[in-house]
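Notes follow once the structure below has been shown.
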Amino acid sequence: MTEVDVLVVGGGINGAGIARDAAGRGLKVLLCEQHDLASHTSSASTKLIHGGLRYLEHYDFRLVRKALQEREVLLEAAPHIIWPLRFVMPHDSHLRPAWMIRAGLFLYDHLAKRRRLPASESLNLRSHAAGAPLETRYSRGFAYSDAWVDDARLVVLNAVDAGRRGAQILTRTRFVDAQRDGARWSVSLQPTVDASARLTVTARSIVNAAGPWVGLVHDAALHSPAARHVRLVKGSHIVVPRLFDHEFAYLFQNPDRRIIFAIPYEQDFTLIGTTDVEHDARPDAPVISAAETEYLCEMANRYFTRKVSPRDVVASYSGLRPLLEDESTDPSSVTRDYSLELDRSGAPLLSVFGGKITTFRRLAEEATDSLCAALDCDARPWTRGTPLPGGDLPHADFEAFAALFESRYPWLPPSMKRRLPRLYGSQVLDWLGDSRSLGDLGAELLPGLFEAEVRHLRDHEFAQCAEDV
């Protein structure tokens, strides 16, 4: 029987972040995830680290400030998978007046200290490169900065760091049942590859970070009603052939008062999203609807001269945001903040409701503070200022590292020279080592994917099957 201080249920960004923080404070941690890490909500985001410019319209200044502060922290912690992205917002005077946008951008610039990102500015779209792909009626615009993130890698790197600090990470392991036994939990886990197998764990505390499943975990496994509720809102994205040749992204205002993003994606494509649709079914496998695809195409076509239709869509993905339930009737207006509920009527149970990827580290820090208080652990917070695996680049300068990487491995194909340092940062040197040719990396299993990389993913990043890779 395994005995731990903290059992974390859920291998999304919040669960992985909490496991990392708690393990780093000396607590014995086990994380279980029924599928692979980041296999649901945390890999289906718009892939932005941002303050949430549109939340200012809802007067959610506290959330925006917190997110902007975290944006700076994360840019320093993981410069290989998070980097600045400049957004252009064409002005449509029928939707929001220019003074309102300027005021919002002024607040966005000043609600938190900026060290790495430039301030907002007004643009003449007649002469600026970002104006070329747009309809000619858009002559004025605004630019501001946020950041791009490889969301799935962010989850994995938190789990990797948790593992290095002593946490046990069990993917493809389902949380089945938990019973309070005095000051302990008796927990039953089931590896999904073997329906007859059972693992028994004794835990001093449980963290329910199951995201869209948080209520189901409470009801079915913990045998108690949740203190709060989440509202499942489906967000869908489409991928189309690249609609513009520059590196700016776009934020488009729409007549329904929502916004969508159009973002450069994987060199040859444009990512367009997202929607906000209430989801009343089980949270297992959300898929984009035809109506959502039409909506995203229609909104993009209000701005771009090159029109897109559903037949141009080469890929799509959908995720469920487990948003903290409030009184909003519009899914777009539901708060993106989070709530942590600690039940101490016996062995502690901490449940995570809501949240957004940008504020995961703060959420994890606050959650671990609560756990430490409940478990009589006096270790202090430590994740702020500590890089994620691969992020320990001098001066957080990825471009300098990429140039050094290319000079060390000039024989790599161009696609691998781009991909590998971005995915792994400094950690790529661990498994490439002294390789001098592609032949040193073993068999090529897929174009650009060699045995050496797959061994690294299996041995150090919890990959168990081809789907995980």
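Please read all numbers here as calculations on a predicted model, not as lab measurements.
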Between [X] and [Y], does the ring centroid distance fall short of 6.0 Å?
X: Phe61; Y: Tyr55; result: no
X: Phe401; Y: His80; result: no
X: Tyr303; Y: Tyr138; result: yes
X: Trp213; Y: Phe175; result: no
X: Phe106; Y: Tyr144; result: no

Inter-residue atom distance [X].[atom1] - [Y].[atom2], 0.5 Å rounding:
X: Leu95; Y: Arg258; atom1: CG; atom2: CZ; answer: 13.5 Å
X: Lys356; Y: Leu63; atom1: NZ; atom2: CG; answer: 6.0 Å
X: Ile288; Y: Ser316; atom1: CD1; atom2: OG; answer: 5.0 Å
X: Leu56; Y: Arg65; atom1: CG; atom2: CZ; answer: 13.5 Å
X: Ile81; Y: Leu154; atom1: CD1; atom2: CG; answer: 4.5 Å
X: Arg408; Y: Leu429; atom1: CZ; atom2: CG; answer: 5.0 Å

Are [X] and [Y] close enough that a side-chain donor and a side-chain acceptor fall under 3.5 Å?
X: Thr305; Y: Glu135; answer: no
X: Gln69; Y: Arg362; answer: yes
X: Asp392; Y: Ser426; answer: yes
X: Gln34; Y: Arg172; answer: no
X: Thr368; Y: Glu366; answer: no
X: Arg321; Y: Thr274; answer: yes
X: Glu292; Y: Thr275; answer: yes
X: Thr171; Y: Asp36; answer: no
X: Ser120; Y: Asp109; answer: yes

(request) Establish, yes or no, whether the cationic atom of Arg116 lies under 6.0 Å from the six-membered ring centre of Trp83 and within 45° of the ring axis. (result)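 Not satisfied by the 6.0 Å and 45° rule.
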
If you take all heavy atoms of [X] and [Y], which pair is closest and at what distance?
X: Leu232; Y: Pro322; result: CD2-CA, 4.0 Å
X: Asn14; Y: Gly354; result: ND2-O, 3.7 Å
X: Ala67; Y: Thr358; result: O-CG2, 3.5 Å
X: Ser42; Y: Ile357; result: O-CD1, 4.3 Å
X: Thr46; Y: Leu271; result: O-CD2, 4.1 Å
X: Pro421; Y: Phe405; result: CD-CE2, 3.7 Å

Can you check whether [X] reaches [Y] side chain to side chain, under 4.5 Å on heavy atoms?
X: Leu320; Y: Pro286; result: yes
X: Pro212; Y: His40; result: no
X: Ser145; Y: Phe87; result: no
X: Pro389; Y: Val156; result: no
X: Leu340; Y: Leu350; result: yes
X: Ile260; Y: Asn254; result: yes
X: Leu412; Y: Leu438; result: yes
X: His218; Y: Asn208; result: yes

Whether [Y] and [X] form a salt bridge (side-chain N of Lys/Arg under 4.0 Å from carboxylate O of Asp/Glu) is what I want to check.
X: Asp468; Y: Arg458; answer: no
X: Asp337; Y: Lys66; answer: yes
X: Arg361; Y: Asp21; answer: no
X: Arg25; Y: Glu365; answer: no
X: Glu121; Y: Arg102; answer: no
X: Asp276; Y: Lys234; answer: no
X: Glu247; Y: Arg86; answer: no

Whether the side chain of [X] engages the backbone of [Y] through a donor-acceptor N/O pair (distance < 3.5 Å, no angle test) should be reported.
X: Glu461; Y: Val160; answer: no
X: Ser43; Y: Ala38; answer: yes
X: Arg126; Y: Thr136; answer: yes
X: Asn301; Y: Cys297; answer: yes
X: Glu451; Y: Ala443; answer: yes
X: Arg231; Y: Leu323; answer: no
X: Arg306; Y: Arg242; answer: yes
X: Tyr108; Y: Gly52; answer: yes
X: His128; Y: Ala130; answer: yes
X: Lys417; Y: Glu406; answer: no

(request) Verify the neighbour count for atom CZ of Arg380: are there more than 12 heavy atoms of other residues, nucleotides or ligands below 6.0 Å? (result)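 Open.
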
(request) Would you indicate whether Arg164, at its atom CZ, is surrounded by more than 12 heavy atoms from other residues, nucleotides or ligands within a distance under 6.0 Å? (result)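 Check passes, neighbour count above 12.
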
Can you say whether the rings of [X] and [Y] are parallel (under 30°), tilted (30 to 60°) or perpendicular (over 60°)?
X: Tyr317; Y: His237; result: parallel
X: His246; Y: Phe244; result: parallel
X: Phe261; Y: His50; result: perpendicular

Which side-chain N or O atoms in residues 262-270 pair as donor and acceptor under 3.5 Å with protein atoms at least two apart or in another chain?
residue : atom : partner : partner atom : Å
Thr270  : OG1  : Leu243  : N            : 3.0

(request) Kindly determine whether Lys47 and Asp150 satisfy salt bridge (charged side-chain N to carboxylate O under 4.0 Å, His left out), including the steps that lead there. (result) CA-CA 6 Å; Lys47 309 188 189 305; Asp150 186 330; over 6 Å; no

(message) Between Phe360 and Tyr338, does the ring-ring contact (aromatic ring centres under 6.0 Å, His included) criterion hold? Intermediate values first, please.
(response) CA-CA 10 Å; Phe360 86 89; Tyr338 56 82; over 10 Å; no

(message) Out of the candidates Phe450, Tyr424, Tyr409, only one should pair with Trp431 under the ring pair (Phe, Tyr, Trp, His ring centres under 6.0 Å) rule; please name it.
(response)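 Of the listed residues Phe450, Tyr424, Tyr409, the ring pair (Phe, Tyr, Trp, His ring centres under 6.0 Å) partner of Trp431 is Tyr424.
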
